[in-house]
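Worksheet: one structure, shown below.
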Amino acid sequence: MDLTYTPEQQAFRAEVRAWLDVHVPSEPLEHFDATREGFEAHREWEKTLKSGDWGMVTWPKEYGGRGVDLIQWLIFEEEYYRAGAPGRVNQNGIFLLGPTLMEFGTHEQKVRFLPKMASGEEIWAQAWSEPMAGSDLAGVRSTAVLDGDEYVLNGHKIWSSRAVFADWAFGLFRAPGSERHQGMSLIFFPLDAPGVTVNAIKKINGHVGFAEIFLEDVRVPAFNRLGDEGQGWHICMATAGFERGLMLRSPARYQVAASKLADLWEQHKDAADPALEAEVVRAFMNAEAYALNIYQTASRLMAGAKIGPEASTNKIFWSELDIHLMETALAILGPKAELTQEAPDAYPYDWIDDYIFALAGPIYAGSNEIQRNIIAERMLGLPRK
Amino acid sequence: MDLTYTPEQQAFRAEVRAWLDVHVPSEPLEHFDATREGFEAHREWEKTLKSGDWGMVTWPKEYGGRGVDLIQWLIFEEEYYRAGAPGRVNQNGIFLLGPTLMEFGTHEQKVRFLPKMASGEEIWAQAWSEPMAGSDLAGVRSTAVLDGDEYVLNGHKIWSSRAVFADWAFGLFRAPGSERHQGMSLIFFPLDAPGVTVNAIKKINGHVGFAEIFLEDVRVPAFNRLGDEGQGWHICMATAGFERGLMLRSPARYQVAASKLADLWEQHKDAADPALEAEVVRAFMNAEAYALNIYQTASRLMAGAKIGPEASTNKIFWSELDIHLMETALAILGPKAELTQEAPDAYPYDWIDDYIFALAGPIYAGSNEIQRNIIAERMLGLPRK
Amino acid sequence: MDFTLNDEQRMFAETAQTLFADTCTPDHWRKQMETGEARDDARWQAIVETGFTLLLLPEAVGGLGLTELDFALIAEQAGYVALPEPLVESAGVAAPMLASLAPDHEALSDPSATIAIQHPSNPFVLDADLAAAILLHKDGEAYLATPDQVTLTREQSIDPFRRLFRVDWDPAKATALGKVDWDLALDRAALFCAAQGLGLAQRAVDMAVSYAQERQQFGKAIGTYQAVKHHLASAQVAIEFARPVVVAAAADIGNCDVQARARVSHAKLVALEAAEKAARASIQVHGAMGYSWEVDVHLFLKRALALTQNWGTPNFHRSRIATRMFTQPTGPDQTFARETENA
Amino acid sequence: MDFTLNDEQRMFAETAQTLFADTCTPDHWRKQMETGEARDDARWQAIVETGFTLLLLPEAVGGLGLTELDFALIAEQAGYVALPEPLVESAGVAAPMLASLAPDHEALSDPSATIAIQHPSNPFVLDADLAAAILLHKDGEAYLATPDQVTLTREQSIDPFRRLFRVDWDPAKATALGKVDWDLALDRAALFCAAQGLGLAQRAVDMAVSYAQERQQFGKAIGTYQAVKHHLASAQVAIEFARPVVVAAAADIGNCDVQARARVSHAKLVALEAAEKAARASIQVHGAMGYSWEVDVHLFLKRALALTQNWGTPNFHRSRIATRMFTQPTGPDQTFARETENA
């Protein structure tokens, strides 16, 4: 137990900070989901990051990463959020598909996909959900039929993040006639392939946030299947573990937000409900607790532990702390809370927009109801039926 | 819509208040669950009430009641709690069995049981639950076998309130071999009958609060069956409606508690967390809202409406407001909150004991989980399966 | 003591319900959002014809002379459809205030005209640009101006139907109306916010119930899951214990005493808490659908958020209840007590 | 940066777990409640033999010279069994304080002796009657007395194992020990309250899980119901996000700066909130069983309630966190920052 940074860790922090000081755009970029321009500006930022070797810091060097350990990753994230650097348009690649490819992909697949993912040349969308397969992902109905050395894909995906402007997507497709967890394969497809139609879906803040994807006789090489045929569910569960676990939600994000909330409180406290101070303190505590939990998990993983169902507790905790934090901000703002601002990229200063964003937390990446089931069944050992 | 009392209602209030001023014992009685002496003192109080014709104010006059309407009942309860009058040892009779007997009993049964219930001569315990039948009352296993003109009762009842010192109990018994909601009958038995063994169960405050009842070849006349053989479930559901509904929890109880909480706050606020004032106000609001809801329900029932599944919302609301109120008191008391006092009868000044009592609220009379199911299914129309 | 609505009141509520159900459907919302039109003229015409804009005005100025309770029933129905037009603020708050100050003012003679109100408790004015007249405040005095006599700056609300304006004005260019009871305006507005909150809440629950009955996951309707049931049951409990407070506040408001003000504040707090709780539960039950613009449940959350903070913040209203608690007797015999009897 | 326990620490915790599991079972609780005995002598002897009473004392006075983190692991296990004896207050708080003031005091020479402590933040003293010595406070100074030198009045706690005493005493009849760091005593006590809170919470969840696996209603184990699952899952989430705070607070406490104090306060708040939440959930899951004296889950709720309010109220601890927030830098690079580096 040693809660101080080593000199090497301190040096690493200084290096990150110095690089970001120079390179982070002084004006926030337009949001990557809002317009093609915003998306491309973020792609450029990914390329800038890559140029400094800061693109995929946790990836092994052989795949275009920096190969840092988890504590260094946390330090990097702390500095990244602290600097107000742009959101990661390549998040699906960095945290979801990248690790999955490294675990399940062939050498040829890794060589084909990972470097362009790392460079920002190819930006990935996820395509998990379908209209009848939300929380129940085994309800996927889209199909893949092998025809020679090509798959023919048909179906309808929805709630795909980044899909409006991204280059590639990955999703589950099943052999016709297969049921539930059997017969599904994880397959990549280019979003500009013939037969692919992408429609934007607006989030409740009115901004584009997702897309639905229609696939009509879309042909992709069999090479684009990750893992064995029918292994899709197994791979998907591994990916969901990455999604719920350490990687997706950096504690730094909430620590920055908690600091901004404290500033907001100091500005408004003379006019606001004095009882709200307790909520501001609570928001700080929550962000700290989340950071400490993640440091603890990182230490354990570095000592050889595997991430287990306790990852579901993370999902619940960050999604609830985020809503609480934003609610507190709105309460402090009082009758001006309802005002919107121009959609910014930097996090966070548009409290109402961040509140709306936070409301998605308990829904996506496995609803909190599903997470509580997982905790009860796999962590506590309560019976499934 | 007229939210003022009529002159007659005002006169009724004055009459109640004047009588209670004279008759309410100046010293609190020992609790009726604590000792035989406490129980008998409360029986005496029931007789005193009866002597003033205040025993069963809502019962029709023919059964020993006063025949007042629901608004008068509310006024009576307001004055009763305001005066700090003793708890009602006869509650099971007044609010549960009495109304059930009036609806389902024969003339002979009413004549036999109601007057002695009204006079306090016979105090009743309920005997609903069994070790394997809590929330799931259809899981009852105790049996009743007709032998000539007597029933032979066998089984094991638990969580019976008042049973340690009471005279009679009522419970569900099933025909051997019958299942679930079929074949159950509601039967009365004297608690001193041969074959009845009563063991006290301590509540978590250490006081006696319930009993378990073992029945071994207990013989009672067939006359003691309420309604038809096998009609027990139907009658029991009607009784549960009385239990959850208007009658069991008087708003006055919480309004008195909220006033005492306000006093507690004024005494301690200089040393306590200022944010607790919002909770004190909330407790007052909750008690007011509960009272207004009950007045609304009373008006509707007097206008001919029937009580429906919205009674389940009452159960949830009063049980949660009670816990919130007591929690707030403990928070105000700080490190002295853990101190107990001599078990008093008058309500409420032993905050920790009342807190402990409040914790039973979401459990008994149909757990709040069951109540939420009822609201969702019967009030909102969500599917059962 | 009688806590029931009379037949006329029930009919009013039903009329409003039917009118709004026909004229303020999801299709109407979407069309209005797409076109950016401030008002649906056909709907507004129907509202005017039904007499809702005249309901609270005295008969002497051509109004119906009805009560806040009657209007609250309309406001609840307006909440149920997240009504875009400023019926509540104009006909429920501003017009009665103007009638009390200048009963002969021409803006009151046209039942289809709206009146906007700038109130000390709100930073912005709703639909100020389309109003026939704007009531303004300065040092406790009321003034009146037309939109072209003031400077209006549009502010964007998260609620697509709340058209907010900052109003800059010069008293020299407005008509002074003298001292006015700004507290009564706040009480009325808070009461009608509460009534709208009930409607917002019930609609959010109803939408979630419909969705949960239909939506299948893991081979059954999601409404069969206890987690879904309990989310919605808890929201319904909040509604059931807000409604009688709103009704009592509406019946009491004319007393203008500390108890009446506390009850209005209580109503506003709990009805809008119920609305937020119900809307949040509804979004959660809808899953990703609830988070998309297409499913209109977000409208109810946004309106609830806005109404919660306008016409007195929760802290303001809580402090009015504290004043009632700590300056007047409390207890079970005080539920319907009046200040004059107990002070 | 390393957030893992070492092997020795893990062994300590396991030793405590085994010892308490063997010597502090439900049968032991019930026997002790029935007889009213203050201590289970066999259990206390086993505790003493394992060295737990010496753990925090400096080696110079015959102690083990270990750290608050090591002791916190023992305290967590003590919470898991709602330990009746005052191990935590005596060996975790009072004895180290006495050792800092009077290292040669004879009360420190007997490892089975307990030392009681009267602290400004608490109205009463635990197990004062059985203590070899009682640390007393007056105007910031510490005094020492034996039980027969003071007047003890027993006060009844809702927790059957918390034996509280009001202590009235005369400085003339006690030994003055001079100025002392009462804040350090409070920090240690608050930290160990937090550690106990983790144990209390986990036990409450574990008991409910066992019950829910077995108890059948409506033809299936109640643990299959989503409402039961979600009650317990929420409690477990609270535990998972309290534990790292407790561990970090234990590792930090020696720094005695504003950050360390805030972290101790954070740990106490959230660990005892988790304990109360878990105990409440456990009682609810147990149904009527949970409300009966026979099912011991009530012990965990009562201990949690008592520890929540002693050694600093929630408001006190929250205000220490506010001080850290508003006087020191915050942000993602400040998680492990120290006052001297950033003030």
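Note that the structure is a prediction, hence the values are computed from the model and not measured. Proteins get letters first, then strands, A, B, ... in listed order; numbering begins at 1 in each.
Side chain of C:Gln284 to main chain of A:Pro362: a donor-acceptor pair is present (N/O by atom type, distance under 3.5 Å, no hydrogens or angles). A donor-acceptor contact shorter than 3.5 Å is absent between the side chain of C:Glu294 and the backbone of A:Ile204.
Heavy-atom neighbours of A:Gln182 CD from other residues, nucleotides or ligands within 6.0 Å: at or below the threshold of 12. Around atom NZ of A:Lys269, more than 12 heavy atoms belonging to other residues, nucleotides or ligands sit under 6.0 Å away. Residue C:Lys31 qualifies as open at atom NZ: its count of foreign heavy atoms under 6.0 Å is 12 or below.
Looking at C:Thr313, only its side chain comes within 4.5 Å of chain A, counting heavy atoms on both sides. The contact between C:Leu301 and chain A is made entirely by side chain atoms (from C-beta outward), counting heavy-atom distances below 4.5 Å. Only the side chain of A:Arg180 comes within less than 4.5 Å of a heavy atom in chain C; its backbone stays farther off. At a 4.5 Å heavy-atom cutoff, the contact between C:Ala288 and chain A is made by backbone and side-chain atoms alike. The part of A:Ala133 that comes within reach of chain C is its backbone (N, CA, C, O), which places non-hydrogen atoms under 4.5 angstrom from that chain. With a 4.5 Å cut-off on non-hydrogen atoms, C:Met289 touches chain A through its backbone and its side chain both. C:Leu299 does not touch chain A: none of its heavy atoms, backbone or side chain, sits under 4.5 Å away. Looking at C:Phe124, only its side chain comes within 4.5 Å of chain A, counting heavy atoms on both sides. Neither the backbone nor the side chain of C:His286 comes within less than 4.5 Å of any heavy atom in chain A.
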- Query: Which is it for C:Tyr291 and A:Phe210 under the side chain to side chain contact (heavy atoms under 4.5 Å, CB included) test, yes or no, and what are the steps along the way?
  - Reply: CA-CA 10 Å; C:Tyr291 197 67; A:Phe210 320 97; 3.6 Å; yes
- Query: Would C:Arg280 and A:Ile323 satisfy side chain to side chain contact (heavy atoms under 4.5 Å, CB included), going step by step from the backbone distance to the final call?
  - Reply: CA-CA 11 Å; C:Arg280 290 266 298 271; A:Ile323 291 175; 3.4 Å; yes
- For A:Tyr355 and C:Leu305, what are the C-alpha separation, side-chain angles and deciding distance, and is it a side chain to side chain contact (heavy atoms under 4.5 Å, CB included)? CA-CA 11 Å; A:Tyr355 170 77; C:Leu305 287 174; 3.6 Å; yes
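Between chain C and the options A:Ala138, A:Ala331, A:Gly209, A:Ala272, heavy-atom pairs under 4.5 Å are most frequent for A:Ala331. Interface remark: of the candidates C:Lys302, C:Met33, C:Glu276, C:Glu155, C:Lys302 forms the most heavy-atom pairs closer than 4.5 Å to chain A. With respect to chain C, the highest number of heavy-atom pairs below 4.5 Å among A:Ala275, A:Ser135, A:Ala337, A:Ser129 belongs to A:Ser135. Comparing C:Ala227, C:Ser121, C:Pro123 by heavy-atom pairs within less than 4.5 Å of chain A, the highest count is held by C:Pro123.
In terms of heavy atoms, A:Ile201 sits closest to C:Ser292 at CG2-CB, 3.9 Å. The minimum heavy-atom distance between A:Met132 and C:Gln217, with the atom names listed, is O-NE2, 3.2 Å. Considering every non-hydrogen atom in both C:Asn315 and A:Pro274, the closest pair reads ND2-CD, 4.1 Å. A:Ile370 and C:Phe218 get closest at one heavy-atom pair: CD1-CE1, 3.9 Å. Residues C:Gly219 and A:Asp136 approach most closely at N-OD2, 4.2 Å, considering heavy atoms. Looking at every heavy atom in both residues, C:Gln309 comes nearest to A:Leu330 through NE2-O, 3.9 Å.
Between A:Ile352 and C:Ser157, every side-chain heavy-atom pair lies at or beyond the 4.5 Å cut-off. The shortest side-chain heavy-atom distance between A:Asn373 and C:Tyr225 does not fall under the 4.5 Å cut-off.
Exactly one residue among C:Gln156, C:Arg162, C:Arg303 makes a side-chain hydrogen bond (donor to acceptor under 3.5 Å, both in side chains) with A:Glu338. That residue is C:Arg162.
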